[in-house]
A.B. asks: 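Can you read through this structure? Questions will come right after.
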Amino acid sequence: MLGATGALAGGASRIWAIPDEWRQTLRSGPRLETWKMSTCGQCPAGCGIRVRLVDDIPVRILGNPIAPVNKGFTCPMGESGLELLYHPDRINQPMRRKGKKGENGWEPISWDVAMKEISRSLQDLRKGKQLGKLGFLMGDRNTLLTEFAGEVVSRMGSSHFFPWRSPAINELGFRQGTEDFPPLAFDLPKTDYLITFGANLLEE
Ligand code: SF4
């Protein structure tokens with residue numbers, strides 16, 4: 001399936017589609033099929049996936065049968081990963097706040113500019129002995145990168161490291177009065193029913 005449309009209120013609207021320029025490539029190319037093995041990055045389970053490519057363009061995601069975590073299965077979120085990849089609202093480069101905080105104005109900037117700005121801000125904090133103001137929010141990962149980032153933040157003199165789904169980020173959400181954060185803790189011993197998708201948390 002190279003694209004999909006769906007009928008929404010008010011008429012037919014595109015849900016997701018391979019970008020136009022890539023669709024042109026698919027129409028005119030030799031349609032060579034290849035498969036790449038990879039890891040789903042949409043949650044910390046890290047299921048093994050196979051990605052079908054036509055002329056080097058990803059068109060389908062399936063589970064990898066020899067991956068020890070998921071043995072060929074994926075959850076619906078993993079299998080629909082291309083919707084995330086091709087979603088027109090996907091943020092695929094750094095965004096800098098434009099205007100005042102709370103106005104929700106953002107402008108795209110290059111990675112070079114972003115790295116320079118971050119570096120300058122960190123140096124300013126260090127010079128002003130204000131590294132305690134440094135906060136680091138990390139995405140949905142549970143890897144060595146999480147350990148590494150936490151170590152860097154702590155060695156810089158801040159205790160404000162918030163990896164996603166940690167008690168710390170729940171506390172941050174609580175303090176900021178937002179409601180869209182996950183529960184404060186998972187109490188497995190008192191759980192009657194546990195439903196997981198794509199990975200058996202109790203055996204793997
Ligand atoms: S459980 Fe689903 S979202 Fe998580 S890594 Fe596996 S396929 Fe991806």
Side-chain angles (χ1 to χ4, degrees), residues 1-6 8 13-19 22-23 26 33-95 111 136-153 161-174 178-204:
M1 185 169 70
L2 302 181
T5 56
L8 301 178
S13 303
R14 177 178 291 174
I15 295 176
W16 70 269
I18 291 176
W22 290 12
R23 284 219 302 275
L26 283 171
E33 181 190 56
T34 49
W35 290 82
K36 290 249 162 100
M37 302 299 150
S38 189
T39 305
C40 176
Q42 295 198 69
C43 90
C47 296
I49 54 172
R50 295 176 294 152
V51 183
R52 179 175 174 244
L53 300 102
V54 174
D55 295 343
D56 289 335
I57 296 173
V59 297
R60 184 83 164 97
I61 292 177
L62 293 170
N64 179 351
I66 59 169
V69 173
N70 55 311
K71 297 187 171 74
F73 294 94
T74 57
C75 73
M77 193 161 82
E79 198 154 324
S80 56
L82 291 182
E83 296 187 35
L84 187 70
L85 179 70
Y86 295 130
H87 197 286
D89 291 340
R90 180 180 170 216
I91 298 171
N92 53 19
Q93 69 183 101
M95 305 288 282
W111 278 106
F136 192 111
L137 279 76
M138 189 151 179
D140 196 356
R141 292 287 175 278
N142 186 18
T143 63
L144 281 177
L145 187 60
T146 311
E147 303 293 321
F148 175 72
E151 191 65 26
V152 169
V153 173
F161 177 56
F162 302 107
W164 183 243
R165 293 187 185 170
S166 68
I169 203 162
N170 290 322
E171 188 189 337
L172 181 73
F174 179 70
T178 57
E179 292 176 2
D180 53 350
F181 281 81
L184 286 172
F186 301 109
D187 191 351
L188 288 180
K190 291 187 189 155
T191 300
D192 291 323
Y193 299 101
L194 173 66
I195 302 175
T196 74
F197 296 96
N200 187 338
L201 301 177
L202 303 180
E203 289 184 2
E204 300 296 344

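Quantities reported herein were computed from a predicted structural model and do not represent experimental measurements. We count ligands from 1, going down the list as the structure has it; atoms in each ligand are counted the same way.
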A.B. asks: Provide the number and element of each atom of ligand 1 under 4.0 Å from a heavy atom of M77.
C.D. replies: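 It comes down to these atoms of ligand 1: 3 (S).
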A.B. asks: Below 4.0 angstrom from a heavy atom of Q42, which ligand 1 atoms are there? Numbered from 1 as shown, please.
C.D. replies: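 Listed by number with element, the hits are 3 (S).
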A.B. asks: Can you name the side chain to side chain contact (heavy atoms under 4.5 Å, CB included) partners of P58, sequence neighbours left out?
C.D. replies: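 For P58 the side chain to side chain contact (heavy atoms under 4.5 Å, CB included) partners, ignoring immediate neighbours, are W22, V51, L53, L82, L85, Y86.
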A.B. asks: Judged on heavy-atom distance to atom 8 (Fe) of ligand 1, which of G46, C40, P76 sits nearest?
C.D. replies: C40
A.B. asks: Relative to the heavy atoms of C75, which atoms of ligand 1 are at a distance of less than 4.0 Å?
C.D. replies: 1 (S), 2 (Fe), 3 (S), 7 (S)
A.B. asks: Just so I know, are the side chains of M138 and L145 near enough to count as touching, which here means a heavy-atom distance under 4.5 Å?
C.D. replies: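 Touching, per the 4.5 Å side-chain cut-off.
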A.B. asks: Do you know which two heavy atoms are closest between A67 and G48, and how far apart they sit?
C.D. replies: CB-CA, 3.6 Å
A.B. asks: Short check: any N/O/S atom of C47 below 2.8 Å from atom 6 (Fe) of ligand 1?
C.D. replies: yes
A.B. asks: Using the side chain to side chain contact (heavy atoms under 4.5 Å, CB included) criterion, which residues pair with L62? Sequence neighbours excluded.
C.D. replies: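 Residues passing side chain to side chain contact (heavy atoms under 4.5 Å, CB included) with L62: W35, R50, R60, E79.
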A.B. asks: Which atoms form the tightest heavy-atom contact between N70 and T74, and what is the distance?
C.D. replies: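 Minimum heavy-atom contact is ND2-CG2, 4.4 Å.
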